[in-house]
Amino acid sequence: MHETLWNALLTWYAAHQRDLPWRQTRDPYAILISETMLQQTGVERVIPKYHAFLARFPSLRALTDAPAADVIRLWSGLGYNRRAVWLQRAARQALERWGGLPSRIEDLRSLPGIGLYTASAVACFAFGTQVAVNDTNVRRVLARVLLGGAATTDARLLALAESVLPPGRAYDWNQALMDLGATICTHDAPRCLICPLQSLCQAFALGQTRIDSALSAVGEGRPRWKEAPFAGSRRYYRGRIVEALRQLKHGDMHTLSSLGPLVKDGFSDAETLWLRGLLEELAADGLVRLDGDRTALP
Ligand code: ADE
């Protein structure tokens, strides 16, 4: 049905695929780690972090047994610290409930921090499930190629992605769409002249490739945190707190007054309650330990 499209992309992928470490494993745990990291951070920055994480926590069991503070420390530079805590909780639950990571998407999705994207990625890349894996890049490529860049919803794009999945080739197909989106069908400057899908692309035919209306028109397809001003937000200061606590030696703790100036320039006593509020949020998320006026990683 879509043979021409399948052949064009899969042939290109066979010749041009990127050599990425998580493509050399089918270990569901390693794939969970890589896909979680890749949701928020680019491939180049993820590669060394992926190796470091797996060297320190090589298995679900190793992650489960580690102090949360060590996991949070290793997450430095990846953003979204809560994901580090969720990963450890997911590992614990998976071991308790199934003795390892489950293969069914619904089971994966029931674990902390694992949404449809990550569940589909683990199911497809580790267990060979024939399912679409729609990250931002994939959505953009499909919206351009199939819809000419017309505005649509994530749900419709997912249905479309399922309908063009080549039977038995979901792994390569999904990875190929990601590579095409990252290297050729980029957001700002698509390289249509060297694109293997050029002759099949609706957006190219319509001259619409530079207008990313499919995703921006409905405000979907981009992480929400990118849209809000970041510096000065609560999330920004939460990140600064975790970063300051990462610098502490094991066993040391900060007080509110020693921590405040590290988090905010010109910190004054009047801001102590504000700081405490942030710390209480972080403690509720499992990212810090609060002991009276003193705090550290958990
Ligand atoms: N982005 C998200 N998942 C990816 C993967 N498996 N390979 C490359 N980039 C990705």
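Ligands are counted one by one from 1 in listed order, and the atoms in each one are counted from 1 as well.
- Side chain to side chain, Tyr171 and Arg26 meet the donor-acceptor criterion of an N or O pair below 3.5 Å.
- Atom 1 (N) of ligand 1 has its closest protein heavy atom at Asp135 OD2, 3.6 Å.
- Asn81 and Glu243 form no side-chain donor-acceptor contact under 3.5 Å, judged by distance and modelled atom types alone.
- Using a 4.0 Å cut-off to heavy atoms of Tyr117, the atoms of ligand 1 that qualify are 2 (C), 3 (N).
- Salt bridge annotation for Arg23-Asp172: absent, with no cationic side-chain nitrogen under 4.0 angstrom from a carboxylate oxygen.
- Contact detail for Gln208 and Gly148: the closest heavy-atom pair is CB-O, 3.5 Å.
- For atom 10 (C) of ligand 1, the closest non-hydrogen atom of the protein is Met178 SD, 3.6 Å.
- Protein heavy atom nearest atom 7 (N) of ligand 1, with residue, atom name and distance: Trp22 NE1, 3.2 Å.
- Residue contact annotation: Gln39 has no non-hydrogen atom under 4.0 Å from ligand 1.
- Close approach to Leu20 involves these atoms of ligand 1, each under 4.0 Å from a residue heavy atom: 7 (N), 8 (C).
- Distances from ligand 1 to the non-hydrogen atoms of Tyr171 include no value under 4.0 Å.
- Each of the following atoms of ligand 1 lies closer than 4.0 Å to a heavy atom of Arg18: 8 (C), 9 (N).
- Nearest non-hydrogen protein atom to atom 6 (N) of ligand 1 is Glu35 OE2, 2.8 Å.
- Checked by atom type, the side-chain pair Ser110/Arg97 shows a donor-acceptor distance below 3.5 Å.
- For the residue pair Arg169 / Asn174, no side-chain donor-acceptor distance below 3.5 Å is found, with atom types taken as modelled.
- Near Arg23, meaning under 4.0 Å from any of its heavy atoms, are these atoms of ligand 1: 7 (N), 8 (C).
- Aromatic ring orientation, Trp274 versus Phe267: tilted (interplanar angle from 30° to 60°).
- Using a 4.0 Å cut-off to heavy atoms of Gln175, the atoms of ligand 1 that qualify are 5 (C), 6 (N), 7 (N).
- Ligand 1 has no N or O atom lying under 3.5 Å from any N or O atom of Asp179, backbone or side chain.
- Donor-acceptor pairing under 3.5 Å is lacking for the side chains of Arg144 and Gln202.
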